[in-house]
4 protein chains.
Amino acid sequence: MPNPPNPARRSQSSRRAILAAAAELCSELGYGQVTIEAIAARAGASKKTIYRWWPSKGAVMLELIDETATITAAHPDTGDLAADLRTQLSAVIDLLTPAHTSPVAGLIAEALNDPDLARDLRDRLIKPRIARFKERMRRAQDAGQLSPEVDLDVALDLLYGPLYHRFVLHLGMPDADHLDVLIAHALRAVDPSTNT
Amino acid sequence: MPNPPNPARRSQSSRRAILAAAAELCSELGYGQVTIEAIAARAGASKKTIYRWWPSKGAVMLELIDETATITAAHPDTGDLAADLRTQLSAVIDLLTPAHTSPVAGLIAEALNDPDLARDLRDRLIKPRIARFKERMRRAQDAGQLSPEVDLDVALDLLYGPLYHRFVLHLGMPDADHLDVLIAHALRAVDPSTNT
Amino acid sequence: MPNPPNPARRSQSSRRAILAAAAELCSELGYGQVTIEAIAARAGASKKTIYRWWPSKGAVMLELIDETATITAAHPDTGDLAADLRTQLSAVIDLLTPAHTSPVAGLIAEALNDPDLARDLRDRLIKPRIARFKERMRRAQDAGQLSPEVDLDVALDLLYGPLYHRFVLHLGMPDADHLDVLIAHALRAVDPSTNT
Amino acid sequence: MPNPPNPARRSQSSRRAILAAAAELCSELGYGQVTIEAIAARAGASKKTIYRWWPSKGAVMLELIDETATITAAHPDTGDLAADLRTQLSAVIDLLTPAHTSPVAGLIAEALNDPDLARDLRDRLIKPRIARFKERMRRAQDAGQLSPEVDLDVALDLLYGPLYHRFVLHLGMPDADHLDVLIAHALRAVDPSTNT
DNA sequence: TTCTAAGCGAGACGGTACGTCTCGTCTTGAT
DNA sequence: ATCAAGACGAGACGTACCGTCTCGCTTAGAA
């Protein structure tokens, strides 16, 4: 009976207004203070319209991030792997900072208590970005910058792990120099031949 | 004048009942369903009593964890560093799993949107455990199991980072074999002389 | 320019389906549960179509009643005035009962908070029926069954008043015997020569 | 589980503020525009507090009327029955007029679509007032102003019926003169010896 | 016979109010 | 003074209808 809505008739202006309102409120008040009510009021949209297209506030934020954070997904390829990784990891740090008003940080926190959202977060945001990370790493292997033996899953854990470890336990993000140290350790761990 | 309460007159039976109720509710219903109301009802305590002694539900859970999870803080010392790390990291994984009913996972999530709680989490739970990790590592250095040059902060990041990275992005915890692989990589990264 | 719709092009099948749906919903769920949404869904009609031809749910119900309840308007004339009045007043009681699913009762309730609807109710439903009541009474006067001096407005009040009084204050409708008593009193009041 | 609230701990100031807000809104905006939301906002009360003590807006209005309209229940006794009835019936007319902002009129309308409210309206408001009407009539009988044979239920119907008949069908309330005519007819109907 | 203007179904939209829920504070009376 | 109990103000939740709107699709006469 409660037919799913027809996406063809969806109002793009409402969608844009809702995502924009969500972004504004998050940066102004912090993720925790964003509510469906406030988004609707700010967007000049009806709550029903939000609930029609998204199951929860987290789903709105996820879509917002998905649109906004495409840049971060793009791994540069200057030929210098370590430098390119530093560039990309710095972008991730910026995405997570400051935690209070970061949609990504808030979404990650919310997903920890919402299995549906967790699945969407992983499948729609994280996995594609992991795929692009691995593409970049394979290009490095093809170009002889990295041993073809390297386990890319381990590389992922060692490169991104420290960031999320520090983020989630509030230990402070590494500065530029320390980021270099971490990258150098990670690359050496997976590829002892690396001479960084 | 809202005088601070007098700890000397605090009812220890209320405190115990509240912490016990919080633990039960968390394992029964999941962290997200635990509310101050429910804790008070289950404990036969007044909400006012809870608010008198703790600023938030997260603070209650933190105190609960602090009492419960002392074991995990203890790093074994069998003389085999890699094996001891595997034991301890496995215990950490168990503490975070299953995310839905784990007080630690819930507390970490909540702290991401509550700066006061984040500070308490870091200073009262995390930092002491990091100190014990470093003590164990220093013992390994003293025993010649590990190079005295090793940067223990980097080691911390490389060993624990992968766990939190996977936990927070819902990528699945490593199984026993993979955990060994990760530990071996981390130790090799910080101490190339390691022959694991 | 919101042109008024062209009645010549009106779909009679839609009109019938809408009125039928309204009648069904009212008897199934009660007047209060009938909504424009539900009528449209049941009738397979668009809400827009309903709003095009009727200003409100009450107006739909009024038109429904106007079509249905023509019988009640017909005052029988067997030559026995008291008996004929009992017949007609019984029909009115049936129209108002049970209050929960009676379109007439619901419409009367709704009109109490909607002046436009109240006017339509009075002018399109009530006044024509009052006129037929007075015609019957005048025939009784012409036939010598009732004094030509009788004030027909007072007679109307005394005959129908008790019904609406009891209806609106939920005092229970008179049974057949009590109805006779009321009619006898009313006729005696307006025409002391009546020997009932 | 959902314990009924404890009346002993009820806040009288909240109760007074809620009833006062309801009265103000009804006279300012009309019964139909009064909402629980608006009452709560005007009263500085929480919606929860209203729902805790009253099942619906109608129940609030009923309690308001019960407190306010005690005067109307009082039948004067000057020794002149017809005059006293005119006084009291005029007061009833005033209570019902203007329909738009009259809490009584609105409540009557609402009760027509809410059986629970209808029962409360009848038992808490109407029946006690009918009892006082009958007391006054019995005093008239005792004083020899009215025949002891008179059926007081019929008298009630004939005296009040015309008012509710006209009210509910929007036929216009009787003016003072016409009210006298109606009272005279009603008294004559129940007591032919009356010489009014 | 094609054109064109309207009514039609469907249903998304901005709103408003609903009745419920949880929060953190406040009040009361017993210990 | 602390406690259990729980009422309170506040305000977000998700739902239901409201009345308006835009969209294609019939479905007429009119050209």
Side-chain angles (χ1 to χ4, degrees), chain A residues 2-11 13-14 17 33-41 43-53 55-57, chain B residues 2-3 5-11 13-14 17 33 35-38 40-41 43-53 55-57, chain C residues 2-3 5-11 13-14 17 33-41 43-53 55-57, chain D residues 2-11 13-15 17 33-38 40-41 43-53 55-57:
Chain A
N3 288 353
N6 179 350
R9 309 194 52 178
R10 182 167 188 181
S11 159
S13 67
S14 284
Q33 317 315 314
V34 180
T35 63
I36 299 274
E37 302 256 339
I39 295 173
S46 154
K47 284 166 65 179
K48 177 108 187 190
T49 299
I50 300 180
Y51 284 112
R52 179 152 33 224
W53 302 109
S56 66
K57 157 185 153 185
Chain B
N3 286 352
N6 179 350
R9 308 193 54 169
R10 181 169 188 181
S11 158
S13 68
S14 284
Q33 317 316 313
T35 63
I36 299 274
E37 302 261 358
S46 161
K47 286 165 63 180
K48 179 115 189 183
T49 300
I50 300 180
Y51 283 111
R52 178 152 31 226
W53 301 109
S56 68
K57 155 186 154 186
Chain C
N3 287 351
N6 178 350
R9 308 193 55 172
R10 180 168 188 182
S11 159
S13 68
S14 283
Q33 316 316 314
V34 179
T35 64
I36 299 276
E37 301 254 335
I39 294 173
S46 161
K47 286 165 65 180
K48 179 114 188 186
T49 300
I50 300 180
Y51 284 111
R52 177 149 36 221
W53 302 109
S56 68
K57 157 186 153 185
Chain D
N3 286 353
N6 179 349
R9 307 196 51 177
R10 182 168 188 181
S11 159
S13 68
S14 285
R15 180 175 169 279
Q33 317 316 314
V34 179
T35 63
I36 299 274
E37 301 255 337
S46 158
K47 286 165 64 180
K48 178 114 187 186
T49 300
I50 300 181
Y51 284 111
R52 186 163 14 235
W53 301 110
S56 67
K57 158 186 152 186

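Just so we're on the same page: letters track the sequence lines, and every chain starts at 1. Just so it is clear, the structure is predicted and the values come from calculations on it, not from any experiment.
Checking the phosphate oxygens (OP1, OP2) of dA4(F), a side-chain nitrogen or oxygen of Thr49(B) falls inside 4.0 Å. At least one side-chain nitrogen or oxygen of Trp53(D) sits closer than 4.0 Å to the OP1 or OP2 atom of dC8(F). Distances shorter than 4.0 Å separate none of the side-chain N or O atoms of Arg9(D) from OP1 or OP2 on dT27(E). Under 4.0 angstrom from either OP1 or OP2 of dC23(E) there lies at least one side-chain N or O belonging to Thr35(B).
Take the nearest nucleotide of DNA chain E for Glu37(D) and for Ser46(D): the residue whose nucleotide is more 5' is Glu37(D). For Gly44(D) and Gln33(C), each mapped to the nucleotide of DNA chain F holding its nearest heavy atom, the one lying further toward the 5' end belongs to Gly44(D). Mapping Lys57(B) and Ala41(C) onto DNA chain E by nearest heavy atom places Ala41(C) at the nucleotide closer to the 5' end. Take the nearest nucleotide of DNA chain F for Ser14(B) and for Arg15(D): the residue whose nucleotide is more 5' is Ser14(B).
The listed nucleotides are dG15(E), dT27(E), dT22(F); the one nearest the side chain of Lys48(B) is dT27(E).
With rounding to whole Å, Tyr51(A) atom OH is found 18 Å from dA12(E) atom C1'. In this entry the distance linking CD1 of Ile36(D) with C1' of dT16(E) reads 14 Å, nearest Å. Atom CD1 in Ile39(A) sits about 12 Å away from atom P in dA12(F), given to the nearest Å.
When atom types are taken as modelled, the side chain of Lys57(C) and the backbone of Val34(C) share a donor-acceptor pair closer than 3.5 angstrom.
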**Prompt:** What do the steps show when you test Trp53(A) against Arg10(A) for side-chain contact (heavy atoms from CB on, under 4.5 Å), and what is the final call?
**Reply:** CA-CA 9 Å; Trp53(A) 302 109; Arg10(A) 182 167 188 181; 3.4 Å; yes
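Using a 4.0 Å heavy-atom cutoff across all strands shown, Ala8(A) reaches no nucleic acid atom at all. If you check every strand for non-hydrogen atoms under 4.0 Å, Arg10(C) touches sugar and phosphate atoms only.
A donor-acceptor contact under 3.5 Å is formed by the side chain of Lys47(A) with the base of dG14(F).
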